[in-house]
Amino acid sequence: MPRKQPTEEELERRKIVGVNAETVTDVTSTDFPGNWPGEDYAWDIKKIIRDTKIEFHQNEPAEASFSLIGVDASIANAFRRIMIADIPTIAIEKVFIDNNTSVIQDEVLAHRLGLIPFTGGREGLDNFMRWLPKPKDNEPIESTYFDYNTISLELRVTCTHNPNAAEDEKDPRKLYNHAHVYAKDIVFMPVGRQVKYFAGENAIRPVNPDILIAKLRPGQQIDLSMIMHKGVGSDHAKFSPVATASYRLLPTITILRPILGRDAENFAKCFPQGVIRLEKVTKAEAAREGSGYEGHASELKAVVVNPMLDTVSRECLRHDEFKEKVKLGRERDHFIFNIESTGQWESDAIFLASIAHLKEKARKLEQQVVDMVR
């Protein structure tokens, strides 16, 4: 016998992950072929296009927040992993130390330099810079260095006394010259066609010029050169374009029975500011039979206004007076992403690049399947 098709309410219920006082329920997706008798969940590209939405909440060069709606968790997580590990950036890979008399060991100094995020002209980074090839057997790696795959930098700083400092000066930054070595002291050394792509405002430079590298005292010196090239986060975290790329499911807060008066005030305190609003019960609500507000005109009631701000602390479920009046959950297909760029890519461009990267992965997989069955 064919099964009766589910109502819209039932379909919405299936999307909710239950958040209880001690447990989480309904965590498994059910929208796949064969799970529900008589219901068709076969892959449909038209349905995917119709149901998938992207809504930006914040879009700044360094940070973006948006909702990805209507996709499976595997797709959302694929985007997250690609943004962390597969989007290419440039970073310092080799450090050649000629002289280092600071208190920082050579290995630690090289590690600190490698973690400094750099930026430069977008056209040069995207279209001109290519991958550094692996050298052939018995071939020195320097033979693979060219202007289109290698960027040279230098850091040459010596600390000296400042003859113009006051006699009672205590601040070492005024008492000495170059007492602190910053990322802005790193000098870009363009070669070949790099002058065309990385000139002026497009020059290779640290994202934050005030990153502290080392502290020196008179007589101490740092004299070194560096090599940068393209890499991805799966090789080393220094190549990752994001400081963080994370997502969370949209919280849902359903008030089952009216919460009024002092209880409403206490209920609002269980959530971050802006999630719950206190409103007065209108005369129309109080006069409507079965509303739960009968005889409570002008009393305060709790109303959910912005569940996205909720941290799902479950604080309200710890109070006996609310346990039967509220139900918490999360929408399983509504992902709230937060992306913080390290500065080489704009935050929204990282997400767009992850989409293109996933499409390319899918295309290659499709081609491999085609080749396999030939």
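These figures come from a predicted structure and were not determined experimentally.
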Check your understanding: Got a donor-acceptor contact below 3.5 angstrom from the T144 side chain to the I141 backbone?
Key -> yes
Check your understanding: So, the side chain of S143 versus the backbone of E139: is there a donor-acceptor pair under 3.5 Å, distance only?
Key -> no
Check your understanding: Should E285 and K301 count as an ion pair when the cut-off is N to O under 4.0 Å?
Key -> yes
Practice item. Give the ring-plane orientation class for F146 versus Y148, where under 30° counts as parallel, over 60° as perpendicular and anything between as tilted. Key: parallel
Practice item. Tell me whether the guanidinium CZ or amine NZ of K325 lies under 6.0 angstrom from the six-membered ring centre of F322 and within 45° of its axis. Key: no
Review point. Do the side chain of N35 and the main chain of T30 share a donor and acceptor less than 3.5 angstrom apart?
Key: yes
Revision key, fill the gap. Exactly one candidate in E9, E39, E331 meets salt bridge (Lys or Arg N to Asp or Glu O under 4.0 Å) with R14; the answer is E39
Check your understanding: In Å and rounded to the nearest 0.5 Å, what is the CZ to SG distance from F271 to C316?
Key -> 3.5 Å
Check your understanding: Is any side-chain heavy atom of F188 less than 4.5 Å from a side-chain heavy atom of I151?
Key -> yes
Study note, to complete from the structure: d(H180 NE2, C159 SG) to nearest 0.5 Å is 9.5 Å
Review point. With a 3.5 Å cut-off and no angle check, do the side chains of T160 and N177 form a donor-acceptor pair?
Key: yes
Exercise for review: Determine yes or no for a side-chain-to-main-chain donor-acceptor pair under 3.5 angstrom, with Q5 supplying the side chain and G38 the backbone.
Suggested key: yes
Practice item. Please determine if E265 and R262 form a salt bridge, counting it only when a charged side-chain N lies under 4.0 Å from a carboxylate O. Key: yes
Exercise for review: Fit a plane to each ring of H229 and F239, take the angle between them on a 0 to 90° scale, and name the class: parallel (under 30°), tilted (30 to 60°) or perpendicular (over 60°).
Suggested key: parallel
Practice item. Group every Ile, Leu, Val, Met, Phe, Trp and Tyr by side-chain heavy-atom contacts under 4.5 Å, then state whether L358 and I87 land in the same group. Key: yes
Review point. Going by atom types alone, do H178 and Y176 pair a side-chain donor with an acceptor below 3.5 Å?
Key: no
Review point. When you look at H334 and S67, which way does the side-chain contact (heavy atoms from CB on, under 4.5 Å) test go after all the steps?
Key: CA-CA 7 Å; H334 189 137; S67 288; 3.0 Å; yes
Point to revise | Close side-chain approach of K215 to V181, heavy-atom, < 4.5 Å | key: no
Exercise for review: Name all residues meeting the salt bridge (charged side-chain N to carboxylate O under 4.0 Å, His left out) criterion together with E63; count only those two or more places apart in sequence or in a different chain, and write none if there are none.
Suggested key: none
**Study point:** Steps toward side-chain contact (heavy atoms from CB on, under 4.5 Å) verdict (F118, I186)
**Key:** CA-CA 11 Å; F118 282 79; I186 297 175; 3.9 Å; yes
Check your understanding: Would K238 and E93 pass as an ion pair if we require N to O under 4.0 Å?
Key -> yes
**Study point:** L328 backbone acceptor or donor facing T252 side chain under 3.5 Å
**Key:** no
Check your understanding: Less than 4.0 Å between a side-chain N and a carboxylate O, is that true for R277 and E279?
Key -> yes
Review point. Do N162 and L175 come close enough that some side-chain heavy atom pair is under 4.5 Å?
Key: no
Check your understanding: Do N99 and Q221 get their side chains close enough for a donor-acceptor pair, meaning under 3.5 Å?
Key -> yes
Review point. Are any of the side-chain nitrogens in D171 or R173 under 4.0 Å away from the carboxylate oxygens of its partner?
Key: yes
Point to revise | Residues forming a side-chain contact (heavy atoms from CB on, under 4.5 Å) with Q105, sequence neighbours excluded | key: E107, V108
Review point. What class does the angle between the rings of F351 and F337 fall in, given that below 30° is parallel, 30 to 60° is tilted and above 60° is perpendicular?
Key: tilted
Review point. Does S347 reach the main-chain N or O of E60 with its side chain, forming a donor-acceptor pair under 3.5 Å?
Key: yes
**Study point:** R330 side chain to L249 backbone, donor-acceptor under 3.5 Å
**Key:** yes
Revision key, fill the gap. The reported gap from CZ in F128 to CG in D147 (rounded to nearest 0.5 angstrom) is 4.0 Å
Exercise for review: Keeping the roles fixed (side chain from K230, backbone from M129), state whether a donor-acceptor pair exists under 3.5 Å.
Suggested key: yes
Exercise for review: Would you tell me whether T23 and N20 have side-chain atoms, one donor and one acceptor, within less than 3.5 Å of each other?
Suggested key: yes
Study note, to complete from the structure: Tightest non-hydrogen contact, residues G329 and I16, listed as CA-CG2, 4.0 Å
Review point. So, S29 side chain and D31 main chain: donor-acceptor pair closer than 3.5 Å or not?
Key: no
Revision key, fill the gap. dist Q58:CD -> I339:CD1 (nearest 0.5 Å) comes out at 11.0 Å
Review point. Does the pair V191 and T150 meet the rule for a side-chain contact (heavy atoms from CB on, under 4.5 Å), with working shown?
Key: CA-CA 9 Å; V191 295; T150 304; over 6 Å; no
Check your understanding: Is a side-chain donor or acceptor of R122 paired with a backbone partner of Q344 at a separation under 3.5 angstrom?
Key -> yes
